[in-house]
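These values consider heavy atoms only, across backbone and side chains, with no hydrogens, waters or symmetry-generated copies. Residue numbers start at 1 and run along the sequence shown.
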Amino acid sequence: MNFKEILDTGIKVNASDVFVKVGCTLRGRVNLDVKTIKDHVFTEKDVENIVSEILDDSKKKVLEEKRGYDFGVNYGDRWRFRVAIFYQRYAFSIVIRKIDLEIPSFDELNLPGNILERFCREQQGLILLTGMTGSGKSTAIASMIKYIDKNLGKHILTIEEPIEFIFEDDKSIVNQRELASDVSSYSDALAQFALHSPDVIYIGNIRDRNTCRAALTAAETGVLVFSTMHTIDARTTIERIVNFFPPEQHDLIFNQLSSLLKGAMSLRLVPRSDGKGLIPAYEIMTLSPGISTVIRERKLWEIPKYVDTGEVHGMKSFNQCLSQLVEEKKITTDTALEKSNNREDLALHLRRKEMI
């Protein structure tokens, strides 16, 4: 199989990810499960030929030096793919993530448009989308950038590894920088941001102290910063940020977050009840006076209580979201209970509503 045949196969079965590995059939992630999508077993030579097909000599040199190379490629009018090539057991493996060039709206994603529009209209601060790999973070961020681009006159600067969604200038102007190609690191890009006069910055991922510090500094100086983190809820997100820093700086970081963290939405994709793909379940935390106080006072264990009772501020817990999806018949009761962090509370709530 060549690269085009692999992409076509992934598109045909609607795989979110495709996996190419020596000695293995072509696998795809379809509705969260990884399964064989083509009965072709790849030899080492097959995979080497695919790598030679898609990388020129300069990129192969980077792959050999770093033992991994990530890039994005457009395919036709509809799709873009994020390709990660890496070594495992002295041979190449390839993981290919499918990206729809048609960026969906909040409604199409089944996300709360009123809250996300509010986040998009913030003048400064930090907005975080969190969740595990493949939970829909990048798509949700792209939808928010698209909203700003269409409705607000801003300069949007993105820093990505690699660039995923492509934005066309509308009311806003969008500059997209790719690590390695356009700038060497997140830290370097953020050190330069003041010269570029952005209103909105999207950082592909916050994963170290330097990037986090630069994001907080940008938010403090009047920029709206969007980013993602691999955390499961608002509380663990704040804990992760604080733990990037040494203990003697924790008071400062808690104080910064108590005013700068305008919102955090944690995502999980769950199977739809009709079997037609996945739908997001989410937790949303907004910066209410109560949330601001518990962050500043380091009482993070109280955040779930405020999220549970914070509907007036636009907040919603995972269980509340799962319950709503069951009520709307978009997911089954069994799915909701399986995906919940607190099954007993959710089961009690569903019984009260006579849904189980």
- prompt: Where does the angle between the aromatic ring planes of His40 and Phe42 fall among parallel (under 30°), tilted (30 to 60°) and perpendicular (over 60°)?
  reply: perpendicular
field: Within 6.0 Å of CD in Glu248, more than 12 heavy atoms from elsewhere
entry: yes
query: Regarding Arg80 and the six-membered ring of Tyr75, is the cationic atom NZ or CZ under 6.0 Å from the ring centre and inside 45° of its axis?
result: no
message: Is the positively charged end of Arg67 above the ring of Tyr87, judged by distance under 6.0 angstrom from the centroid and angle within 45° of the axis?
response: yes
Separation between CG of Leu267 and OG1 of Thr228, rounded to the nearest 0.5 Å: 10.5 Å
task: Identify the residue among Asp70, Val83, Asp17, Val18 that makes a side chain to side chain contact (heavy atoms under 4.5 Å, CB included) with Arg97.
output: Asp17
message: Quick check: closest heavy atoms across Cys120 and Phe226, and the distance to 0.1 Å?
response: CA-CZ, 4.3 Å
message: Strictly distance-based, threshold 3.5 Å: is any side-chain N or O of Thr293 a donor or acceptor partner for the main-chain N or O of Pro289?
response: yes
message: Can you tell me if Glu168 has over 12 outside heavy atoms packed within less than 6.0 Å of its CD?
response: no
- request: Not counting sequence neighbours, which residues clear ring-ring contact (aromatic ring centres under 6.0 Å, His included) with His250? List them please.
  value: none
message: If I take atom CD1 from residue Ile303 and atom CG from residue Asp233, how far apart are they, to the nearest 0.5 angstrom?
response: 8.5 Å
- prompt: When rounded to the nearest 0.5 angstrom, what distance separates CG in Leu322 from NZ in Lys330?
  reply: 13.0 Å
- prompt: More than 12 non-hydrogen atoms from neighbouring residues, nucleotides or ligands closer than 6.0 Å to CD on Glu311, yes or no?
  reply: no
- prompt: Above 12 or not: heavy atoms from other molecules or residues under 6.0 Å from NZ of Lys60?
  reply: yes
- line: When rounded to the nearest 0.5 Å, the distance separating CZ of Arg352 from NE2 of His349 is 8.5 Å
message: I'd like to know if the side chain of Glu117 and the backbone of Arg121 have a donor-acceptor N/O pair within less than 3.5 Å.
response: no
field: Donor-acceptor contact present, side-chain Arg29 to main-chain Leu32, <3.5 Å
entry: yes
- prompt: Should the heavy atoms of other residues, nucleotides or ligands under 6.0 Å from CG of Asp77 be counted, would the total exceed 12?
  reply: no
query: Distance-only, no hydrogens or angles: does the Glu283 side chain make a donor-acceptor pair with backbone N or O of Met265 under 3.5 Å?
result: no
- request: Establish, from distance only, whether the side-chain atoms of Ser266 and Thr130 form a donor-acceptor pair under 3.5 Å.
  value: yes
message: Same cluster or not: Leu179 versus Tyr202, using hydrophobic residues (I, L, V, M, F, W, Y) connected whenever any side-chain heavy atoms lie under 4.5 Å apart?
response: no
Under 3.5 Å donor-acceptor, Glu178 side chain and Ile163 backbone: yes
